[in-house]
Amino acid sequence: MELHVKDIIQWLEKTNEKIQLNKDYLTALDQAVGDSDHGINMSRGFHEVVNQVKTKDYTTVSDVLKDTAMILMSKVGGASGPLFGTAFLRFSMGVKGIDPINQDAFTKGLEDALAGIMQRGKATTGEKTMVDVWSPVVNYFKVTTNVQADEVTQTAKQAMEQTKEIMATKGRASYFKEKSIGHIDPGAASSFYIFEALSEVIKGEG
Amino acid sequence: MELHVKDIIQWLEKTNEKIQLNKDYLTALDQAVGDSDHGINMSRGFHEVVNQVKTKDYTTVSDVLKDTAMILMSKVGGASGPLFGTAFLRFSMGVKGIDPINQDAFTKGLEDALAGIMQRGKATTGEKTMVDVWSPVVNYFKVTTNVQADEVTQTAKQAMEQTKEIMATKGRASYFKEKSIGHIDPGAASSFYIFEALSEVIKGEG
Amino acid sequence: MKKIMNDPNRVVQDMLAGMIAAYPNELKQIPATTAITRSEAPVSGKVGLVSGGGSGHEPAHAGYVGKGMLDAAVVGEVFTSPTPDQIYEAIKAVDGGKGVFLIIKNYTGDVLNFEMAMELAEAEGIQVDKVIVNDDVAVEDSSFTIGRRGIAGTVFVHKIAGAIAEQGATLEEVKTVAEKVVNQTRSMGMALTPCTVPAAGKPSFHLEENEMEIGIGIHGEAGIERKPITTADEIASELTEKILTDMDLNNNEEVAVMVNGLGSTPEMELYIVNKKVNQLLTEKGIHIYKTFVGEYMTALEMTGCSVTLLKLDDELKTLLDATSEAPAFRN
Amino acid sequence: MKKIMNDPNRVVQDMLAGMIAAYPNELKQIPATTAITRSEAPVSGKVGLVSGGGSGHEPAHAGYVGKGMLDAAVVGEVFTSPTPDQIYEAIKAVDGGKGVFLIIKNYTGDVLNFEMAMELAEAEGIQVDKVIVNDDVAVEDSSFTIGRRGIAGTVFVHKIAGAIAEQGATLEEVKTVAEKVVNQTRSMGMALTPCTVPAAGKPSFHLEENEMEIGIGIHGEAGIERKPITTADEIASELTEKILTDMDLNNNEEVAVMVNGLGSTPEMELYIVNKKVNQLLTEKGIHIYKTFVGEYMTALEMTGCSVTLLKLDDELKTLLDATSEAPAFRN
Ligand SMILES: Nc1ncnc2c1ncn2[C@@H]1O[C@H](COP(=O)(O)OP(=O)(O)O)[C@@H](O)[C@H]1O
Ligand SMILES: Nc1ncnc2c1ncn2[C@@H]1O[C@H](COP(=O)(O)OP(=O)(O)O)[C@@H](O)[C@H]1O
Ligand SMILES: [Mg+2]
Ligand SMILES: [Mg+2]
Ligand SMILES: [Mg+2]
Ligand SMILES: [Mg+2]
């Protein structure tokens, strides 16, 4: 696994495609346990990321990720904006000076990103948030010598579906208490798209 | 035809019954060409008339009609309140000093009532208002030597139904212009109940 | 029908009790009536101002009772003009010896009931005069109709007549300025969804999911046209243009603008409408002296809005800016 | 979805343009942001007050910008917290050298974005402090939850913190009084019908024709209970009792009452609710110092209302009564 600037940009583009495609679905998820804006928020954010990132010439992966972070931070809003913003910012810092990034570097970046989300959101696993997808994926990267694209998707997907069973204790969904059970967490779903896109990029370069 | 205080009270009671029974229908008529309150207004007014009139001992028809006028005036509201109020007030004045009232006196009362409505409402026939029922009924009383109960109902009913064909040029219905055509005028309908009740009283006294 | 109420036949009484409870020092209810006056009424040496009409238009009319605006508002049943006896009580209660002025919206019911009350009061020796507000350009103003309806522009009449009365003007002076406001005010409204009279229980008209009605009245009376919903810009343009066609407004003249919500329209949307109204007037060289955006004259929970323009001169500007302490109009 | 708008993705921009058009002398927009400040900002020697949150709650928050209340409001997309960069711009724009105070409603999104902006501003050497408003007793306040939501009571924090800041208080003094207000304010709401986020196009929840939801949030978040609609008296009692259970209010103590409409509820119904709230408090010997009935913190076109009680002392009374020139809060 070796990711260059162009791969990272492709990752962002693929993520954006999936989010635009599933904008209404994400919003519908947020309708069940939130305030009906998650798809709109993510769509606005990633649309802008892709728009801006493609106009620039990047020499480092870290710079792409840093811009992504700043754009998400200033375009998404709500709870997910600062959280995904922080994730990509920490990711960018974690892989600074490494180009292209190999699996180790990527794993380090992901780990820092997750730590950023958890710290910013004061969240841990089992609270029905995006953490419940990021955490098992990070873990998969950490324990796997040779990361497999399909396994990334698989891990993220299972984790996302698993959030159905959880009662939310963080974020807006926590107001729904028991009623939050039975619904996939919106931020978990958008995180899944991020990792599904990643897996497609890995496969492409594989 | 000879109407005593008790007959007039019966007339009011029968009118009230019909109006309560058709309250929603009158409101529905007013929904089509007005503001959905005519049934509510008339129901409130006649309910109060019957309630108050039965608690008093009247010696003259004129007094019953005067109280009726004052109660309608202060309870019905809207356009129909002052109009029916004026009608009964003029009626009361027209039959003052005559007891019981025979057909001539009654006709005089009705005539004065109609004149009151027309003057207060600055209305004439053919404008899709209660005038279009009162006018032919008054006319029937004027030209008929021996008033027949069924003919009173008949005249009022036909006149009421005739208001369907008219385009309103007075009252709230006039805002509906052509769209007012095809609907019975609410005030015409409540006037019909007044005369249908009258006819039943006349019939009862034989 | 989903409403927060107790008995649908007692909404007016309950509302008035709730208003008096909210403003115990500012407002009082005339016992055994549905009329509300300022607590200091009658103000001696001041023309008393009385308005009113059916309820369901809140904050109109009781919300405009207060120093600098009305002395009394007479509240009828929902969408039903109050009765002469109630109006008469209000006239008596605010007569401070300088006469009483009635502000009546041009509906048959309102006109008949207020005029009868006026006759009763005059018979008692109270000097009474009136103005009839007819700002709604959706209705043709010809001798073949009963004339235009009074809608949101009525609030400008309350404000300005109220201000001059507060300054100690005579009944005639109040009437003169009130008539000027009426002559220089035009409005038009539109709706997206109907409203339900509590005691009726059913919506007073029906609009399809994609339909709106232009020129609708504040009781749901027919407007000019039903058609598919367009953009806020197009709605604002249609209302404004129709008003301007009927107004004698030249380049560089000044207006007050009111963008009024009919009940359920989020304030956000009213501001979106105001953006376009403002742009249109500015493009035509008309100067906007002051803008009012909010719910001033509603139709229960109808969704929709109206636009009102008032052509100003120095006198009207001063009076518009004068202090008002009415609960629903503070400046 | 029936809305008066142009592009559902541009409602916030259009609204802000319409607001600035309405109050060109009072408000200004920070260029290239969705933040609105008083036109005279920054006021030197005065603590700058910044609040904000998602839009759709109008008149909150931009309607509370003005002398005696906020210096700036940062407006997010509908129901979506504004982003740190926007909040940061607002902080810079109102910093008059005496520090900036943030009034934040307790939602994860709002807290995260405002705190990040605070960090940015502090990094630039601006002194910033904050209060987090959490008045909604419908949510359990325990260490196992993210705590109570901020709803209509936030307006009292704006008003009172705004008044003391206007008097020249220090950042610490503003914080002290703001925290006092937060500690002494409790609210609860209920809804009869949902609302629709413009860009989502579909209602955010569903209630049956005879159903209401008690304790609902101002973005449609779940409440305490769904049940058949009851009377206004029962609704008022349920909200008030739940608030009182959580408040330390004794006989003879004084409160301010707010009966707030969520968007589509006719003012008539709010007064009907106030009647009962007033009666309940009076029966308990609680003295009502001042009552506010109207739309202060809405949820687009949601039908429903909330009740807020603020326990007062002499300091808070004086500050509550102080002059405010904000468009949506004049006294
Ligand atoms: N404290 C938190 N920690 C981690 N993730 C969180 C937290 N709070 C919320 N989230 C995530 O954010 C998502 C909601 O995002 P979004 O709908 O855009 O924001 P908002 O809730 O402000 O409307 C949730 O589905 C959840 O995954
Ligand atoms: N100018 C008028 N002359 C005679 N009758 C009228 C006039 N205006 C209205 N009406 C009658 O009043 C009826 C409406 O009464 P109602 O609905 O109670 O009052 P409102 O129109 O004020 O709501 C109409 O159906 C019509 O018969
Ligand atoms: Mg959300
Ligand atoms: Mg009617
Ligand atoms: Mg009526
Ligand atoms: Mg949100």
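Note that the coordinates shown come from a computational prediction; the quantities given were computed from them, not determined experimentally. In what follows, chains are A, B, ... by sequence order, proteins preceding strands, each numbered from 1.
- Side-chain atoms of C/Lys2 come within 3.5 Å of backbone N or O of D/Leu192 as a donor-acceptor pair.
- Within the 4.5 Å cutoff, no side-chain heavy atoms of D/Glu267 are placed close to those of C/Glu295.
- In this structure, chain C has a heavy atom under 4.5 Å from the side chain of D/Val78, while its backbone stays farther away.
- For D/Lys317, the NZ atom sits in a packed shell: over 12 heavy atoms of surrounding residues, nucleotides or ligands are nearer than 6.0 Å.
- Interface check for chain C: of the options D/Met302, D/Lys276, D/Glu211, the most heavy-atom pairs under 4.5 Å are formed by D/Glu211.
- Here the shortest heavy-atom pairing between C/Glu301 and D/Ser264 reads CB-O, 3.6 Å.
- Residues C/Asn6 and D/Glu234 are not in side-chain contact: their nearest non-hydrogen atoms beyond the backbone lie 4.5 Å or more apart.
- With a 4.5 Å cut-off on non-hydrogen atoms, C/Val11 touches chain D through its backbone and its side chain both.
- With hydrogens and angles disregarded, a donor-acceptor distance shorter than 3.5 Å links the side chain of D/Glu269 to the backbone of C/Ile4.
- With rounding to the nearest 0.5 Å, the separation of CG in D/Asn274 from CD1 in C/Ile20 is 11.0 Å.
- With values rounded to the nearest 0.5 angstrom, D/Leu270 atom CG is found 11.5 Å from C/Met19 atom CE.
- Shown here for C/Ala17 and D/Lys275, the closest heavy-atom pair between the two residues is CB-CD, 3.6 Å.
- With a threshold of 4.5 angstrom between heavy atoms, D/Asn210 approaches chain C through N, CA, C or O but not through any side-chain atom.
- Within the 4.5 angstrom heavy-atom criterion, atoms from both the backbone and the side chain of D/Asp233 approach chain C.
- Closest non-hydrogen pair, C/Ala21 versus D/Thr291, comes out as O-OG1, 4.1 Å.
- If you tally non-hydrogen atom pairs under 4.5 Å between each of D/Glu209, D/Gln13, D/Met1 and chain C, the highest count goes to D/Glu209.
- Atoms CZ and CG, from D/Arg330 and C/Asn331 in turn, are 7.0 Å apart once rounded to the nearest 0.5 Å.
- With a 4.5 Å cut-off on non-hydrogen atoms, C/Leu207 touches chain D through its backbone and its side chain both.
- The contact between D/Ile272 and chain C is made by backbone and side chain atoms together, counting heavy-atom distances below 4.5 Å.
- Heavy atoms of D/Thr298 lying under 4.5 Å from chain C are absent altogether.
- Residues D/Ser55 and C/Met268 approach most closely at OG-CE, 3.6 Å, considering heavy atoms.
- More than 12 heavy atoms of other residues, nucleotides or ligands lie within 6.0 Å of NZ in C/Lys290, so this atom counts as buried by the packing criterion.
- For D/Tyr23, the part sitting under 4.5 Å from any heavy atom of chain C is the side chain, from C-beta outward, and nothing else.
- Residue C/Tyr271 holds its OH atom at 10.5 Å from CG of D/Leu16, rounded to the nearest 0.5 Å.
- Side chains of C/Lys3 and D/Thr303 form no contact here, defined as non-hydrogen atoms less than 4.5 Å apart.
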